[in-house]
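What follows is a short report on a single structure.
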Amino acid sequence: MLNNKISFDIILFMSNIILVDEKIDSIYTGYLESLNYKIVKIIRNEVVYDEISSHTDIFCVKIKNNLIVEPNIYEYLKKNNVSNLIKGTSTLKSKYPQDIKYNLCVIGNYAVHNFNYTDEVVLEYTNKYGLKKVHVNQGYTNCSIAVIDEKSCITSNVEIYEKLSKVGLDVLLISEESEKNIKLIAGNGKFSKMHGFIGGALCKLNNKCILFGDKTYLEEYQKIEDFIIKKGYQFVDFKNKEIIDYGGIIEV
């Protein structure tokens with residue numbers, strides 16, 4: 001009876017789901033599962049180019065407790081018991097800016113995006129919850145920003161840094177050179193010639209900021225680690241692993 005009770009409690013505790021790229025290394029899914037999360041992988045979708053074809057931040061955006069998703073993955077996520085799903089209106093296409101419709105970044109009460117291309121439903125929920133819009137030219141906004149908490153973030157984009165600093169957020173600006181060692185994975189499973197962004201490689205989960213790789217591959221890792229620790233969070237990395245942009249994670 002005791003063993004059954006323990007098993008039942010674990011099942012209840014593991015009710016939270018994390019959405020991840022299907023290409024993610026098992027070392028990271030194993031770590032996330034050790035934190036008692038259930039993993040749901042975003043499967044490859046050929047409407048966009050290979051490197052981002054299963055990135056969560058390309059196909060999904062979370063506004064408050066609502067998960068707004070690209071129509072092609074709606075039924076898949078529904079079958080995997082992802083709750084609070086809302087179907088967007090925009091079907092993504094391979095060429096920029098038709099692949100950025102859901103790449104809005106939420107930081108506290110601010111919504112950051114190139115609002116010339118935001119999906120209509122994403123805009124609707126941005127307005128519904130009274131989020132203050134910060135327009136930037138960078139369409140891959142969520143990719144470009146590593147959100148640390150509701151008042152702080154990290155980016156290499158100077159315009160994002162300036163505009164978010166202006167509204168009172170604490171923004172750590174890193175050099176674009178720091179992101180050159182962040183890898184993207186192509187459709188053949190090998191590293192792409194393109195490089196990734198800090199927002200897709202560094203993710204906040206509860207009291208932890210998780211880097212998908214070894215921090216020492218980032219030129220400014222000490223600056224980043226100090227910023228995170230100063231905010232009161234633990235910085236988690238994985239030794240001897242290349243840093244990979246998986247399009248972040250979303251807890252639902």
Side-chain angles (χ1 to χ4, degrees), residues 18-21 23-24 42 45 47-49 51-70 73 77 86 88 90 92-93 96-126 129 131-161 163-164 167 169 171-174 176 179 182 184 194-205 209-212 224 243-252:
I18 287 182
L19 305 181
V20 300
D21 182 347
K23 293 179 284 192
I24 196 167
I42 302 295
N45 195 318
V47 297
V48 296
Y49 59 91
E51 284 83 351
I52 62 171
S53 61
S54 47
H55 278 197
T56 57
D57 57 17
I58 293 297
F59 293 92
C60 314
V61 57
K62 187 176 179 181
I63 298 179
K64 301 301 181 180
N65 290 322
N66 306 285
L67 187 69
I68 305 161
V69 302
E70 202 261 5
I73 69 166
L77 293 178
I86 298 164
S90 306
L92 299 183
K93 297 178 182 178
Y96 183 93
Q98 299 306 315
D99 58 351
I100 63 168
K101 301 287 189 176
Y102 301 90
N103 204 239
L104 174 142
C105 181
V106 177
I107 311 175
N109 291 319
Y110 293 93
V112 194
H113 201 218
N114 184 327
F115 286 100
N116 293 323
Y117 305 106
T118 313
D119 174 75
E120 290 179 8
V121 177
V122 175
L123 274 175
E124 177 188 337
Y125 275 80
T126 298
Y129 288 101
L131 298 181
K132 298 174 184 177
K133 299 187 188 73
V134 179
H135 175 82
V136 294
N137 292 318
Q138 171 60 274
Y140 293 119
T141 318
N142 206 14
C143 302
S144 301
I145 303 171
V147 178
I148 304 306
D149 55 31
E150 292 190 346
K151 295 182 179 180
S152 61
C153 64
I154 301 170
T155 186
S156 70
N157 185 285
V158 174
E159 182 194 13
I160 291 173
Y161 165 75
K163 288 193 172 181
L164 294 185
V167 299
L169 297 182
V171 187
L172 175 67
L173 179 66
I174 61 173
E176 291 183 358
E179 293 180 317
I182 298 177
L184 284 168
M194 302 168 64
H195 71 80
F197 292 100
I198 191 69
L202 178 63
C203 311
K204 166 77 179 338
L205 186 63
C209 289
I210 302 164
L211 179 69
F212 295 130
I224 292 169
I243 300 172
I244 299 177
D245 177 348
Y246 288 117
I249 59 176
I250 297 179
E251 181 183 1
V252 294

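The figures that follow rest on heavy atoms only: side chains count, while hydrogens, waters and symmetry mates do not. Positions are given from 1 along the sequence.
To the nearest 0.5 Å, atoms NZ (K151) and CG (N109) are separated by 10.0 Å. Taken to the nearest 0.5 Å, the CD1 atom of I24 stands 9.0 Å off from the CD1 atom of I18. Here I145 contributes atom CD1 and C153 contributes atom SG; the two are 5.5 Å apart, rounded to the nearest 0.5 Å. Interatomic distance, OH of Y117 versus OG1 of T141, reported as 12.0 Å (0.5 Å rounding). The distance from the CD1 atom of I243 to the NE2 atom of H195 is 13.0 Å, given to the nearest 0.5 Å.
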* Would you check, one step at a time, whether the test side-chain contact (heavy atoms from CB on, under 4.5 Å) holds for V61 with Y125? => CA-CA 11 Å; V61 57; Y125 275 80; over 6 Å; no
* Could you give me the CA-CA distance, side-chain angles and deciding distance for V167 and Y110, then say whether side-chain contact (heavy atoms from CB on, under 4.5 Å) is met? => CA-CA 9 Å; V167 299; Y110 293 93; 3.7 Å; yes
* Asked: Given the rule in the side-chain contact (heavy atoms from CB on, under 4.5 Å) test, do Q98 and L92 qualify, once you have shown the distances and angles that lead to the verdict?
  -> CA-CA 6 Å; Q98 299 306 315; L92 299 183; over 6 Å; no
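Listed for the H135 side chain is no donor-acceptor partner under 3.5 Å among the backbone atoms of N114. At least one donor-acceptor pair under 3.5 Å links the side chain of N103 to the backbone N or O of N142. A donor-acceptor contact shorter than 3.5 Å links the side chain of K62 to the backbone of E251. In this structure, T56 contributes its side chain and L19 its backbone to no donor-acceptor pair below 3.5 Å. At least one donor-acceptor pair under 3.5 Å links the side chain of T155 to the backbone N or O of S144. Side-chain atoms of Q138 never come within 3.5 Å of backbone atoms of I160 as a donor-acceptor pair (strictly under, hydrogens ignored).
Crowding of N65 atom CG: a count of heavy atoms from other residues, nucleotides or ligands under 6.0 Å not exceeding 12.
Of the residues V20, V69, D21, L77, the one that meets the side chain to side chain contact (heavy atoms under 4.5 Å, CB included) test with I42 is L77. Results of the side chain to side chain contact (heavy atoms under 4.5 Å, CB included) test with H55 over N45, L184, V48 single out L184 as the only residue that passes.
Between Y102 and I58 there is no side-chain heavy-atom pair separated by less than 4.5 Å. Here the side chains of F115 and L123 are in contact, with some heavy-atom distance below 4.5 Å. Contact of the S152 side chain with the V147 side chain is not registered, since no non-hydrogen atoms from C-beta on lie closer than 4.5 Å. In this structure, I86 and V121 have side chains that are in contact, with non-hydrogen atoms separated by less than 4.5 Å.
Applying the salt bridge (Lys or Arg N to Asp or Glu O under 4.0 Å) definition to pairs two or more places apart or across chains, none involves residues 105-126.
Every residue two or more places apart in sequence or in another chain that forms a side-chain contact (heavy atoms from CB on, under 4.5 Å) with A146 is listed here: I154, I198, L202. Under the rule for a ring pair (Phe, Tyr, Trp, His ring centres under 6.0 Å), the partners of Y96 that lie at least two apart in sequence or sit in another chain are Y140. Every residue meeting the side-chain contact (heavy atoms from CB on, under 4.5 Å) condition with E159, not counting sequence neighbours, appears here in chain and number order: V136, N137, N157, K163. The ring pair (Phe, Tyr, Trp, His ring centres under 6.0 Å) test applied to F212 returns Y28, Y246, not counting sequence neighbours. Among residues two or more places apart in sequence or in another chain, the side chain to side chain donor-acceptor pair (under 3.5 Å) test is passed with H113 by T118.
Between G108 and L131, the shortest heavy-atom distance links the atoms O-CD2, 3.9 Å. The minimum heavy-atom distance linking I148 with C209 is given by the pair CD1-SG, 4.0 Å. When every heavy atom of S90 is checked against every heavy atom of E70, the shortest pair comes out as O-CG, 3.6 Å. Residues V122 and K101 approach most closely at CG2-O, 4.3 Å, considering heavy atoms. Minimum heavy-atom separation, C203 to G248: SG-CA, 3.5 Å.
With hydrogens and angles left out, the side-chain atoms of N66 and Y129 include a donor and acceptor closer than 3.5 Å. Side chains of S156 and E176: no donor on one and acceptor on the other come within 3.5 Å.
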